[in-house]
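Just below is one structure, and these are the notes that go with it.
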Amino acid sequence: EVEKNPGPSGAVFRPFVEVWQRGQLMYSSTPRDATDASDTVPAYTLADTSMGFEMDLLVAGDLLLRVRHWHRTGKKESVLRVSFNTAFISDGVLHLGRHELDGACGDPRCPDDLFLDMIF
């Protein structure tokens with residue numbers, strides 16, 4: 001479900017990122033005690049062609065990265081996720097297309113040219 005924006009650019013997306021390792025949340029781009037997305041999560045529209053998250057995080061081993069959407073109602077929904085091991089990262093960059101991102105490949109909200117770049 002995509003939120004509607006009264007503006008001409010269409011849907012609103014309030015993404016936040018989580019990084020998990022060994023079942024533990026290692027990083028979230030939202031404060032743990034946040035209860036309102038409007039104060040902590042930037043909103044994007046269909047007119048926005050990219051978004052970025054800077055994480056100063058030292059990681060190694062098996063990781064799960066989740067991109068979630070925070071609805072205005074407070075509901076949090078996973079949009080895409082990917083599991084990987086950092087030992088297989090070459091040249092410090094992991095580039096993944098839509099078809100390699102769990103949840104995104106069958107989601108009509110995710111455009112065909114969607115990709116995720118992780119820079120280590």
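Looking only at distances, no side-chain donor or acceptor of Gln24 sits under 3.5 Å from a matching main-chain atom of Gln21. His69 places a side-chain N or O within donor-acceptor distance of the main-chain N or O of Arg14, the cut-off being under 3.5 Å. Put simply, the side chain of Arg98 never gets that close to the backbone of Leu114: no donor and acceptor are under 3.5 Å apart. Between the side chain of Ser78 and the main chain of Arg68, no donor-acceptor pair closer than 3.5 Å is present. In this structure a side-chain-to-backbone donor-acceptor pair under 3.5 Å is missing from Ser29 to Phe16.
Using a 4.5 Å cut-off between side-chain heavy atoms of Ile, Leu, Val, Met, Phe, Trp and Tyr, with links allowed through other members, Leu25 and Val59 fall into different hydrophobic clusters. When the side chains of ILVMFWY residues are joined at heavy-atom separations under 4.5 Å, either directly or via intervening members, Phe115 and Phe120 end up in two distinct hydrophobic clusters. Hydrophobic clustering (side-chain heavy atoms under 4.5 Å, transitive across Ile, Leu, Val, Met, Phe, Trp, Tyr) keeps Leu65 apart from Trp20. One hydrophobic cluster holds both Leu57 and Val67 under the rule that ILVMFWY side chains link at heavy-atom gaps under 4.5 Å. Note on Met51: it clusters hydrophobically with Val82, by side-chain heavy-atom contacts below 4.5 Å among ILVMFWY residues.
Scanning both residues, Asp48 and Thr45, for their nearest heavy atoms gives OD2-N, 2.7 Å. The minimum heavy-atom distance between Phe13 and Pro15, with the atom names listed, is O-CD, 3.2 Å. Contact record, Cys110 with Val79: SG-CG1, 4.1 Å, taken as the closest heavy-atom pair. Shown here for Thr86 and Gly61, the closest heavy-atom pair between the two residues is OG1-N, 2.7 Å. Considering all non-hydrogen atoms of both residues, Ser50 and Tyr44 come closest at O-CE2, 4.0 Å. Among all heavy-atom pairs drawn from His95 and Glu100, the shortest one is O-OE1, 4.1 Å.
Between Leu63 atom CG and Arg22 atom CZ the span is 9.0 Å, to the nearest 0.5 Å. Leu101 CG to Asp107 CG: the interatomic distance, rounded to the nearest 0.5 Å, is 11.5 Å. The line from CE of Met55 to CD of Glu18 is 11.0 Å long, rounded to the nearest 0.5 Å.
Annotation for Leu58: atom CG does not count as buried by contact number, only 12 or fewer foreign heavy atoms lying within 6.0 Å. For Asp91, the CG atom sits in a loose shell: 12 or fewer heavy atoms of surrounding residues, nucleotides or ligands are nearer than 6.0 Å.
For the side chain to side chain contact (heavy atoms under 4.5 Å, CB included) with Met118, the lone residue among Ile89, Val19, Leu96 that qualifies is Leu96.
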